[in-house]
Amino acid sequence: MQVTISSGNNINGTLVLPLFEGEETLPEIVEGIPSSLKAQINRVLGDGDFKAKANATMTLVGTDGGKAMLVGLGKTEKADVHAYREAGATVVASCKKVHGNELTVVFHGADMACMTSFAEGMMLRDYSYDLYKKKDDDHEDTNLSARINCDEGDATALSAAIDRAASIVSGVHLSRDLGNCPPNDMYPMAFAEKAERWAKEYDNAKVEVIDYEAAKRHGMGGLVAVGMGSSRKPCMVIFTLNGDQKGRHPMLVGKGITFDTGGISLKPGANMDEMKYDMGGSATVFGTMEALASIGYPGKVVAITCMAENMPAANAQRPGDVITTLSGKTIEVLNTDAEGRLVLSDGLWKAGTDYDPEYIVDFATLTGACVVALGHEATGLWSNDDDFRTRIHEAGNDVGELAWPMPLLPAFEKEMTDSKIADTRNLGAGRWGGANTAAAFLKQFVPYRGEGDDAEQITWAHMDIAGTYWGAKTNKMVGHGATGIHVRTMVGLITGE
Ligand code: BES
Ligand code: ZN
Ligand code: ZN
């Protein structure tokens, strides 16, 4: 969706009017509305027939031409950037054939941040995944465009802010495209090839692929064990942005299970198709790299995605197997469906030993237990550093992507280490606190820096997006399918903007 800025007052296409509840009037500055439409709007607003509650909409079609969509922002004092973002998304979600392809938005005294947020909401919501549908009249590309009318003095700054938002949205949409892609076309090496193609678009981006043979050679026992039972072999993909910059840098790690059948510990059949989204962590990471590259972020960022397909097969790993991970630590695999933590054990270890990160954040659709705890409303957030956890929580709040603090307790870690025959085990003792035991398991694979008593674990956070990467019906930024959540959170955290 193209969003442009105009300092004129003319209307192209459908007039979009965001209004405050209790202050429903037509701004005087609007020019060029057919007189009957103007009269209709004034009559509807004057008679109190449109209450501008948050996300309420009404469409008016002028008897002598012109169309308008009224959209509610709620009460003035509550109309913050989040309300504007949701209203923008609501407008796009409510667009029908009658509204045409062009919108002109006229605000009633919104500041720059609110106008940008409204545009961001429109752009985020303007997404559908129809690559596999035949194009016909009902499924035509609509190519919606919007113009925002603003004061002349604001035009340049607003235009720059909206361009930046559009770049970040390209990363969110990339994450959704990757997640929505059917698993017969989205397998580990297909993801890697997409990453390699992406890197060619940017002079300052590089992608390295560690394929199955190399992963075996390097001793990536977690990644290999999960992926070996599939004919689509596993791989690790390493993205580097601005690799020539010196000093410590953010590091992202993503779980990329392109399909999770559970392996020999096979999942029940119902809704198993949704396990195509089990590469949501890797999609979040790839989308974030695209967003950062697209806004021209100058700092160094490295990301690792651990790609595998978890299949039951004659050559698949078994419950009871003991594997040796990249860290040298052995894991007793008690359930092959707890596979995300196995691939991440190698990703986290590599992230902390081959690089010198300021911090590591991993993203994973890791546990059903996290969905039990937080539903589809918030991502589970764990960290070994309270201040860092707060920073991520706040970065999420700033962009309307909730990440809820969860406890990283020694008792959970202990539960994961009491294997009789290996250093650690991939299953808790019981089913309680399953999201917490998973987080505690991962912590064992975050390297320390320094020697002896001075050794300190690298700052790390784990984000369980099992409930938020798809199926979040209250997320107004998306119709259905993958949400692309936390690309915006991460851009905020990394850039500080
Ligand atoms: N990918 C699943 C987690 C998941 C389940 C995400 C449902 C979203 C919706 C993960 O690999 C898994 O199967 N985890 C198991 C762990 C258990 C065996 C300890 C789970 O959550 O049941
Ligand atoms: Zn699983
Ligand atoms: Zn999984």
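Atom set for the values below is all heavy atoms of this structure, side chains included, hydrogens, waters and symmetry mates excluded. Note that the structure is a prediction, hence the values are computed from the model and not measured. Note that ligands are numbered from 1 as they come in the structure, with each ligand's atoms numbered from 1 the same way. Throughout, residue positions are numbered sequentially from 1 according to the sequence presented.
By the 30° and 60° cut-offs, the orientation of the rings of His486 relative to Phe363 is tilted. Using bins of under 30°, 30° to 60° and over 60° for the plane-to-plane angle, the ring pair Tyr129/Tyr127 lands in the parallel bin. Using cut-offs of 30° and 60° on the angle between ring planes, the pair Tyr359 and Phe388 is tilted.
At a threshold of 4.5 Å between non-hydrogen side-chain atoms, the residues Met186 and Lys194 count as touching. Put simply, the side chain of Lys233 does not reach to within 4.5 Å of the side chain of Lys216, judged on heavy atoms.
Of all atoms in ligand 1, numbered sequentially from 1 with element shown, those under 4.0 Å from a heavy atom of Thr365 are 1 (N), 2 (C), 3 (C), 6 (C). The atoms of ligand 1 that sit less than 4.0 Å from any heavy atom of Trp470 are 8 (C), 9 (C).
For ligand 1, one of its N or O atoms has an N or O atom of Glu339 under 3.5 Å away. For the pair Asn335 and ligand 1, the shortest N or O to N or O distance does not fall below 3.5 Å.
Regarding atom 21 (O) of ligand 1, its nearest protein heavy-atom neighbour is Gly368 N, 2.7 Å. When only non-hydrogen protein atoms are considered, atom 1 (N) of ligand 1 lies nearest to Asp278 OD1, 2.8 Å. Looking only at heavy atoms of the protein, atom 6 (C) of ligand 1 is closest to Ala466 CB, 3.6 Å. Atom 3 (C) of ligand 1 has its closest protein heavy atom at Leu366 O, 3.5 Å. Atom 12 (C) of ligand 1 has its closest protein heavy atom at Asp337 O, 3.2 Å. The nearest protein atom to atom 19 (C) of ligand 1, hydrogens excluded, is given as Leu427 CD1, 3.4 Å; this is a heavy-atom distance. Scanning all protein heavy atoms for the shortest distance to atom 16 (C) of ligand 1 gives Arg341 NH2, 3.8 Å. Scanning all protein heavy atoms for the shortest distance to atom 2 (C) of ligand 1 gives Asp260 OD2, 3.6 Å.
The side-chain contact (heavy atoms from CB on, under 4.5 Å) test with Val253 singles out one residue from Leu348, Val302, Val343, and that residue is Leu348.
Around CD of Glu201, the count of heavy atoms belonging to other residues, nucleotides or ligands within 6.0 Å exceeds 12.
No side-chain donor from either of Trp470 and Asn180 sits under 3.5 Å from a side-chain acceptor of the other. Using modelled atom types, one finds no donor on one side chain facing an acceptor on the other under 3.5 Å when comparing Ser231 with Tyr187. A donor-acceptor pair shorter than 3.5 Å can be found between the side chains of Glu377 and Thr474.
Comment: Asp337 engages Lys267 in a salt bridge, judged by a side-chain N to carboxylate O separation of less than 4.0 angstrom.
Remark: distances from the non-hydrogen atoms of Lys255 to ligand 1 include one below 4.0 Å.
The Zn ion (ligand 3) lies under 2.8 Å from an N, O or S atom belonging to Asp278.
Checked against the Zn ion (ligand 3), the N, O or S atom of Glu339 at the shortest distance is OE2.
Taking each of Glu274, Lys267, Met275 in turn, the one with a heavy atom nearest to atom 7 (C) of ligand 1 proves to be Met275.
Draw a line from the Zn ion (ligand 3) to NZ of Lys255 and another to OD2 of Asp260, and the angle between them is 170° (to 10°).
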